[in-house]
Amino acid sequence: MAGAVTVPDSAQRVAVVGGGPGGLYAAALLKRLDPARSVTVWERNAPDDTFGFGVVLSDETLGGIEHADPVVYAALQRHFVRWDDIDIVHAGTRQTSGGHGFAALGRKRLLQILHDRCRELGVDLRFRSEAPDVDRLAAGHDLVVAADGVHSTTRDTYSHVFRPHVATHRCRYIWLAADFAFDAFRFEIAETEHGVMQLHGYPYSRPSPDHHPSTRPSGPQRQSGASTVIVEMREEVWRAAGFDELDEQESVARCAKIFADALGGRPLRSNKSAWTTFRTVVNEHWSHGNVVLLGDAAHTAHFSIGSGTKLAVEDALALAACLTEQPDVASALAAYEAERKPVVASTQRAARASLEWFENIGLYLDQPPRQFAFNLLTRSRRVTHDNLRLRDASFTEAVERDFGCPPGTPPMFTPFRLRGLTLRNRVVVSPMDMYSATDGVPGDFHLVHLGARALGGAGLVMTEMVCVSPEGRITPGCAGLYTGQQAEAWKRVVRFVHTRAPGTAIGVQLGHSGRKGSTRLMWEGMDEPLEEGNWPLVAASPIPYRPDSQTPRELTRSQLTDIREQFTSAAWRAARAGFDLLELHCAHGYLLSGFLSPLTNHRTDAYGGSLERRLRFPLEVFDAVRAVWPAERPMTVRISATDWAEGGTSAEDAVDIARAFAEHGADAIDVSTGQVVADERPEFGRSYQTPYADRIRHATGRPVIAVGAISSWDDVNSLILAGRTDLCALARPHLYDPHWTLHAAAEQGYDGPGAVWPAPYRAGSRRPQTGRTDAPKPRLTLGG
């Protein structure tokens with residue numbers, strides 16, 4: 001096996017398995033960098049066999065190609081089709097956004113260019129040839145590049161080392177072509193009797209020189225170029241429409257009929273095209289001995305962000321560079337993996353967001369046309385509000401006008417109303433446990449912490465989870481609202497916010513730790529039990545949070561009543577203290593969250609079992625609190641929309657949970673995730689929890705607060721304007737910069753009622769200069 005082979009110091013004999021763009025380009029680069037290398041490519045298909053039509057490459061990728069091999073770059077340049085616009089067609093309207101910059105060419109043409117370059121450099125290309133067994137290749141070569149695609153035999157052979165994870169998704173799609181060139185990247189949405197279908201189309205071949213296209217496709221045209229056309233829909237729509245019973249040509253004809261307007265009545269063509277389901281491939285490791293994965297064998301990313309060939313070509317560039325820079329093959333493969341994995345992971349997160357957006361496209365069909373288009377354009381989070389404003393200011397301004405932004409007002413600084421409370425902007429300082437109270441009493445630290453963030457301009461500042469009893473604390477340093485002294489201390493904080501930061505609202509989050517209580521302060525060991533001074537824990541079921549955690553007692557009926565009354569007493573005190581908003585904490589595995597999750601609620605009485613029964617106690621608490629909370633003040637609920645663990649709360653459960661609280665009077669749902677079980681496996685990433693808030697918002701019609709790695713004002717503007725959330729809660733950015741909101745206003749050149757600088761701070765409302773900026777620029781740059 002390859003693992004038993006001594007890895008050589010240099011890669012002089014190279015075997016490439018797979019003759020797709022990634023494998024061919026790797027072969028060409030390796031041969032070009034060292035002509036003495038022996039490089040052989042095995043490809044099971046004929047030279048001109050390909051099952052796609054067009055290929056899109058980014059300017060970034062093309063720049064890498066240009067520097068690595070100007071010959072290939074020049075050949076590509078001669079055949080590229082370039083365009084700037086994206087058309088989004090839905091419900092009889094077309095929205096066009098410009099400034100995007102795409103380049104595409106035919107897949108056959110790309111392969112031909114790479115074949116020619118490989119032959120010119122002396123690469124041995126073996127078509128219609130199955131590669132020898134990978135063990136034999138590894139034994140007979142210094143390096144084996146496995147570029148054998150999404151169904152990689154190499155990856156399967158060494159699956160115990162590469163440890164692949166393959167996820168199959170909800171949509172079916174088919175890859176087709178049309179014999180004319182779209183004049184923009186086109187997304188077309190068809191609402192049929194069977195469900196929603198979408199077309200992704202883009203040109204990859206120019207019209208012939210004597211062809212004179214119309215502004216928009218209409219009527220038959222000859223020699224008019226070519227376009228890739230992908231038709232996609234959810235599995236249940238595909239079956240309802242009968243595509244599962246059609247052969248290839250029947251499917252092609254049916255797709256052409258459904259999207260006749262986009263195609264101008266022209267037919268579609270296929271090339272052994274078949275309906276398939278996208279598979280996201282992730283590997284824990286990319287190399288084994290002298291065998292390395294490249295392209296789709298190592299990773300896949302959904303076609304809706306046009307990344308497959310791009311990633312494979314970039315893999316080839318990185319692999320060739322690492323083999324040149326590193327002293328031996330082992331070091332090169334380690335460097336290649338270290339360089340590429342973070343980049344690919346970022347792309348896969350964006351692709352996953354895009355994929356899921358299209359899977360759930362039915363949620364957005366009622367949006368106004370321009371907002372729908374903006375939502376689609378920003379779906380992957382690679383394109384943002386600020387980025388799109390630079391690309392196409394007129395389109396972005398039109399979306400803002402439709403949204404209701406006054407001139408010169410970013411979306412984040414538009415007001416939002418919850419019941420009798422109007423927030424002057426959409427920024428929330430998220431609840432953050434400070435572990436700095438004494439006997440539950442907030443002190444000077446809380447006054448400064450919350451006061452500073454209120455002065456910093458956020459529309460709403462939330463307290464940490466304020467506990468409803470001594471036994472309901474997470475740690476000895478957690479704040480409470482179960483005594484008069486605590487209520488007076490909170491009243492002091494609220495009074496400061498209302499008098500010194502007028503226009504900023506302050507909310508209280510009430511909760512009970514449940515099975516996650518009696519632990520050390522965060523910086524002494526998060527979730528670790530106290531060494532001494534423990535108090536008994538209670539929970540929905542007697543299940544410890546971690547193996548070393550205290551086992552809680554299962555709550556009895558009478559204890560449930562007692563805890564409900566503790567919540568109402570705390571709510572009454574919060575109202576007297578003057579808080580503007582109250583949030584019930586039903587997330588993160590604390591007591592009420594413990595009732596909601598099937599992983600932590602194993603009760604057999606009326607409070608366990610079905611979701612309806614698991615909801616019973618949290619809803620009883622909500623109703624009791626709502627009854628004592630002033631009618632004009634809003635009340636929100638924080639939930640964990642997924643447990644990030646098998647068998648836990650599902651996305652569908654989360655919608656049902658949110659809907660239940662909404663029906664009981666919740667004014668907004670604060671959508672977090674996880675922290676329910678210790679063995680969770682979160683999928684972290686930028687604004688990674690937002691899709692859950694988005695889904696709940698559109699499924700329930702209730703306002704939502706999005707949280708989770710939202711770190712920039714551009715993210716906030718993008719999410720708000722796309723209609724994925726109503727408010728954005730940020731934690732760490734407000735720890736880094738208490739004046740985050742005011743600085744966001746300054747950086748966007750905004751000065752208005754949505755971000756008011758306190759009078760003593762107004763002199764600081766402009767970014768200070770950091771150094772001389774008027775130095776003369778050099779007139780001449782000499783090459784080194």
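For the single chain, residues carry numbers from 1 onward in sequence order.
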Colleague: To the nearest 0.5 Å, what is the distance between CG (Asp183) and CG (Asp87)?
Modeller: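 Spacing of CG (Asp183) from CG (Asp87) equals 6.5 Å.
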Colleague: Show your reasoning for whether side chain to side chain contact (heavy atoms under 4.5 Å, CB included) applies to Thr384 and Thr378.
Modeller: CA-CA 6 Å; Thr384 63; Thr378 59; 5.8 Å; no
Colleague: Residues in side chain to side chain donor-acceptor pair (under 3.5 Å) with His698, at least two apart?
Modeller: Asp694
Colleague: Answer yes or no: is there a donor N or O on one side and an acceptor on the other, between the side chain of Arg32 and the main chain of Ala68, under 3.5 Å?
Modeller: yes
Colleague: Would Thr280 and Arg352 count as having a side-chain donor-acceptor pair, cut-off 3.5 Å?
Modeller: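 Distance-only check fails for Thr280 and Arg352.
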Colleague: Who are the side chain to side chain contact (heavy atoms under 4.5 Å, CB included) partners of Pro164, not counting sequence neighbours?
Modeller: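 Counting only residues at least two positions away or on another chain, Pro164 forms a side chain to side chain contact (heavy atoms under 4.5 Å, CB included) with Arg155, Ser159, Phe162, Asn283.
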Colleague: Hey, what do you get for CG (Leu363) to CZ (Arg695), rounding to the nearest 0.5 Å?
Modeller: 6.0 Å
Colleague: State yes or no: are the ring centers of Trp175 and Phe278 separated by less than 6.0 Å?
Modeller: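 Ring-ring flag for Trp175/Phe278: false, centres at least 6.0 Å apart.
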Colleague: Do the side chains of Arg370 and Glu397 get close enough for a salt bridge, i.e. N-O under 4.0 angstrom?
Modeller: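 No.
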Colleague: Got a donor-acceptor contact below 3.5 angstrom from the Asp84 side chain to the Gly98 backbone?
Modeller: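 Absent.
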Colleague: Name the residue from Asn387, Asp386, Asp392 that meets the side chain to side chain donor-acceptor pair (under 3.5 Å) definition with Arg389.
Modeller: Asp386
Colleague: Test of understanding: with side chain to side chain contact (heavy atoms under 4.5 Å, CB included), list the residues that count as partners of Ala74, not counting sequence neighbours.
Modeller: Arg78
Colleague: Would Tyr204 and Val56 count as a side chain to side chain contact (heavy atoms under 4.5 Å, CB included) if you check the C-alpha gap in whole Å, the side-chain angles of each, and the deciding distance to 0.1 Å?
Modeller: CA-CA 8 Å; Tyr204 66 84; Val56 179; over 6 Å; no
Colleague: So which atom in Gln367 and which in Phe372 form the shortest heavy-atom distance, rounded to 0.1 Å?
Modeller: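 Nearest pair, atom of Gln367 first, then Phe372: OE1-CA, 3.6 Å.
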Colleague: Looking only at atom types and distance, does a side-chain atom of Arg234 sit under 3.5 Å from a main-chain N or O of Gly195, one as donor and one as acceptor?
Modeller: no
Colleague: Does any N or O in the side chain of Arg724 come within less than 3.5 Å of the main-chain N or O of Thr690, such that one atom is a donor and the other an acceptor?
Modeller: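 No: the side chain of Arg724 does not pair with the backbone of Thr690.
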Colleague: Would you tell me whether Glu356 and His169 have side-chain atoms, one donor and one acceptor, within less than 3.5 Å of each other?
Modeller: no
Colleague: Taking the six-membered ring for Trp and the full ring for Phe, Tyr or His, determine whether the centres of Tyr173 and Phe303 are under 6.0 Å apart.
Modeller: yes
Colleague: Asp148: which residues meet the salt bridge (Lys or Arg N to Asp or Glu O under 4.0 Å) condition with it, sequence neighbours left out?
Modeller: none
Colleague: Taking all atoms of both residues into account, what is the closest heavy-atom pair of Gly19 and Val41, and its distance?
Modeller: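 Smallest interatomic distance, heavy atoms only, reads CA-CG1, 4.0 Å.
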Colleague: Residues in side chain to side chain donor-acceptor pair (under 3.5 Å) with Ser354, at least two apart?
Modeller: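 By the side chain to side chain donor-acceptor pair (under 3.5 Å) rule, Ser354 matches Ser304, Arg379.
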Colleague: Quick one about Asn45 and Glu43 (side-chain donor to acceptor, distance below 3.5 Å, no hydrogens or angles considered), yes or no?
Modeller: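 Yes, because at least one side-chain N or O of Glu43 sits under 3.5 Å from a partner of the opposite role on Asn45.
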Colleague: Do Arg172 and Glu235 meet the salt-bridge criterion of a basic N to acidic O distance under 4.0 Å?
Modeller: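 Counted as a salt bridge, because a side-chain N and a carboxylate O are separated by less than 4.0 Å.
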Colleague: Using a 3.5 Å distance criterion without hydrogens, assess whether the side chain of Lys341 forms a donor-acceptor pair with backbone atoms of Glu284.
Modeller: yes
Colleague: Compute the ring centroids of Phe182 and Trp83, then answer whether they are less than 6.0 Å apart.
Modeller: no
Colleague: Decide whether Thr347 and Arg382 meet the rule of one side-chain donor and one side-chain acceptor closer than 3.5 Å.
Modeller: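 Short answer, yes.
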Colleague: Whether the side chain of Tyr202 engages the backbone of Gly54 through a donor-acceptor N/O pair (distance < 3.5 Å, no angle test) should be reported.
Modeller: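 Yes; at least one donor-acceptor contact below 3.5 Å.
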Colleague: Verify, without hydrogens or angle tests, whether Thr300 (side chain) and Val281 (backbone) share a donor-acceptor contact under 3.5 angstrom.
Modeller: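 Side chain of Thr300 to backbone of Val281: a pair is present.
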Colleague: Are Arg117 and Glu120 close enough for a salt bridge, meaning some N to O gap below 4.0 Å?
Modeller: yes
Colleague: Examine the side chains of Ser227 and Arg186 and answer whether a donor and an acceptor come within less than 3.5 Å of each other.
Modeller: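 Judged by distance alone, the side chains do not pair up.
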Colleague: Is it the case that Arg349 places NZ or CZ above or below the six-membered ring of Tyr688, under 6.0 angstrom from the centre and within 45 degrees of the axis?
Modeller: no
Colleague: In Å and rounded to the nearest 0.5 Å, what is the CG to NE2 distance from Leu333 to His288?
Modeller: 12.0 Å
Colleague: Taking the six-membered ring for Trp, are the ring centroids of Phe185 and His100 within less than 6.0 Å of each other?
Modeller: no
Colleague: Is there a donor-acceptor pair under 3.5 Å between the side chain of Glu250 and the backbone N or O of Asp247?
Modeller: yes
Colleague: When you measure from the side chain of Glu66 to the backbone N and O of Tyr73, does any donor-acceptor pair fall under 3.5 Å?
Modeller: no
Colleague: Does Arg126 use its side chain to pair, donor to acceptor, with the backbone of Trp42 at less than 3.5 Å?
Modeller: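 Absent.
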Colleague: Who passes side chain to side chain contact (heavy atoms under 4.5 Å, CB included) against Leu33, sequence neighbours left out?
Modeller: Arg37, Ala320, Thr324
Colleague: Determine, step by step, whether Phe259 and Val229 satisfy the side chain to side chain contact (heavy atoms under 4.5 Å, CB included) criterion, reporting the C-alpha distance in whole Å, the side-chain angles of both residues, the deciding distance to 0.1 Å, and the verdict.
Modeller: CA-CA 10 Å; Phe259 291 101; Val229 173; over 6 Å; no
Colleague: Centroid separation under 6.0 Å, is that true for the rings of Tyr364 and His90?
Modeller: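 Between His90 and Tyr364, the centre distance exceeds or equals 6.0 Å.
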Colleague: Quick check with a 6.0 Å cut-off and a 45 degree axis cone: is Arg266 positioned over the face of Phe180's six-membered ring?
Modeller: yes
